[in-house]
Trainee: 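Below is a structure I'd like to ask you about.
Note on naming: letters A, B, ... go to the chains in the order of the sequence lines (proteins, then strands), and numbering restarts at 1 for each one.
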Number of protein chains: 2
Amino acid sequence: MLAYGGRVGDVYKALADRTRRALLDELLERDEQTLFELCSKLAMKHDLTPTRQAVSQHLEVLEGAGLVRSVRRGRYKFHTIDTTPLSQISERWPSKS
Amino acid sequence: MLAYGGRVGDVYKALADRTRRALLDELLERDEQTLFELCSKLAMKHDLTPTRQAVSQHLEVLEGAGLVRSVRRGRYKFHTIDTTPLSQISERWPSKS
DNA sequence: ACCATAGGCAAGCATCCACTTGCCCGTCAA
DNA sequence: TTGACGGGCAAGTGGATGCTTGCCTATGGT
């Protein structure tokens, strides 16, 4: 239970940044991507060229919001999207009847 | 067409603040509220006590994101929620099949 | 006309946050 | 074992942003 933590506000803050949204876009296209793969995708497809550390910090924020999960295998860390926390948004402010 | 402007990123930034989310909560409960009404609601129900100008600026941001519409009647300005821009979130990152 | 009320404008301030830089820790191959 | 590679840690910096303060405009009641 409480799969993605109690601080729901973190989800909104996580979505507030353009680079993080692009990361979610890439992870939606393909799961299990490493930090380096995501860095190159950002540069090629989104014209975003932050440093590797910046991207790493963004992934931390996304993980703190429960939007990304990660597993370490060997020296690689694979990242996977989890859209579950997004459902609270449309639940909180549904379309008016 | 283009009901809520072209800068979709503004929607995410608008949601990133706790006070603005509380404002949306209040407007969802009752439409056509004035700045003063919303100020007192924030203080009583959400333990938020920003100044009137701060709330006014928040409403500007929400309006810029298309989440709030406003009409002026006499010396009153009534604010109304519009949840339409929120649909793009679940459309952009749907639940994985 | 007067004044209280609802709201807006603009500048200043303080905090937060995205980003960088430099160094360090594990893992794996030669 | 050595070195390259994937990734992490920590401090510092600049810009964005939430908030305040002071003053102004306009509407409406008396």
Trainee: Using whole Å, report how far CG of Asp10(B) lies from P of dA16(D).
Mentor: 14 Å
Trainee: Is it the case that one hydrophobic cluster holds both Val71(B) and Tyr76(B), taking links as side-chain heavy atoms less than 4.5 Å apart, direct or via other members?
Mentor: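 Yes; tracing contacts between hydrophobic side chains, which count when under 4.5 Å, links both residues.
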Trainee: Specify the separation, in whole Å, of atom CD of Glu60(B) and atom P of dA10(C).
Mentor: 11 Å
Trainee: Do you reckon Leu59(B) sits in the same ILVMFWY cluster as Val61(B), going by side-chain contacts under 4.5 Å, direct or chained?
Mentor: no
Trainee: When the distance from CZ of Arg18(B) to C1' of dC19(D) is rounded to whole Å, what number comes out?
Mentor: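 Rounded to the whole Å, the gap is 15 Å.
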Trainee: Decide whether Leu27(A) and Phe78(A) are clustered together by the hydrophobic rule: side chain heavy atoms of Ile, Leu, Val, Met, Phe, Trp, Tyr closer than 4.5 Å, transitively.
Mentor: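 As far as the 4.5 Å side-chain criterion goes, Phe78(A) and Leu27(A) are not connected within one cluster.
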Trainee: Taking atom P of dA18(C) as reference, at what distance in whole Å does atom NZ of Lys13(B) sit?
Mentor: 9 Å
Trainee: Tell me whether Glu63(A) is salt-bridged to Arg69(A), with the criterion being a basic N under 4.0 Å from an acidic carboxylate O.
Mentor: no
Trainee: Salt-bridged, Glu37(A) to Arg30(A), with N to O below 4.0 Å?
Mentor: yes
Trainee: Can Lys45(A) and Asp25(A) be counted as an ion pair, charged N to O under 4.0 angstrom?
Mentor: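 Looking at Asp25(A) together with Lys45(A), the answer is no, because their closest N to O distance does not fall below 4.0 Å.
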Trainee: Is Leu15(B) close to Leu24(B) at the side-chain level, that is, under 4.5 Å between some pair of heavy atoms?
Mentor: yes
Trainee: Output yes when a side-chain donor or acceptor of Gln33(B) lies under 3.5 Å from a complementary backbone atom of Glu26(B), and no otherwise.
Mentor: yes
Trainee: Please determine whether a side-chain nitrogen or oxygen atom of Lys77(B) lies at a distance below 4.0 Å from atom OP1 or OP2 of dT27(D).
Mentor: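 Looking at the OP1 and OP2 atoms of dT27(D), neither is under 4.0 Å from any side-chain N or O of Lys77(B).
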Trainee: May I ask you to list the residues of residues 26-45 of chain B, by number, that have any heavy atom positioned under 4.0 Å from an atom of DNA chain D?
Mentor: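 Contacting residues: none.
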Trainee: Should Val55(A) and Leu23(A) count as side-chain neighbours, where that means a heavy-atom distance under 4.5 Å?
Mentor: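 SC-SC contact between Val55(A) and Leu23(A) confirmed.
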Trainee: Quick one: is dG18(D) close enough that its OP1 or OP2 comes under 4.0 Å of any side-chain N or O from Arg20(B)?
Mentor: yes
Trainee: Tell me if a side-chain donor or acceptor on Gln88(B) pairs with a main-chain N or O of Pro85(B) at a distance below 3.5 Å.
Mentor: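 Side chain of Gln88(B) to backbone of Pro85(B), a donor-acceptor pair under 3.5 Å: yes, one is there.
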Trainee: Give the B/S/- string for nucleotides 20-30 of chain C, one per nucleotide from 5' to 3', where a protein heavy atom under 4.0 Å of the base yields B, of only the sugar-phosphate yields S, and otherwise -.
Mentor: BBB----BS--
Trainee: When you measure from the side-chain N and O atoms of His58(B) to the phosphate of dC19(D), is any distance below 4.0 Å, counting only OP1 and OP2?
Mentor: yes
Trainee: Ion pair present between Glu60(A) and Arg20(A), side-chain N to carboxylate O less than 4.0 angstrom?
Mentor: no
Trainee: Closer to the 5' end of DNA chain C via nearest nucleotide, is it Ser56(B) or Val61(A)?
Mentor: Ser56(B)
Trainee: Between protein and nucleotides 13-15 of chain D, what N or O pairs are separated by less than 3.5 Å?
Mentor:
none

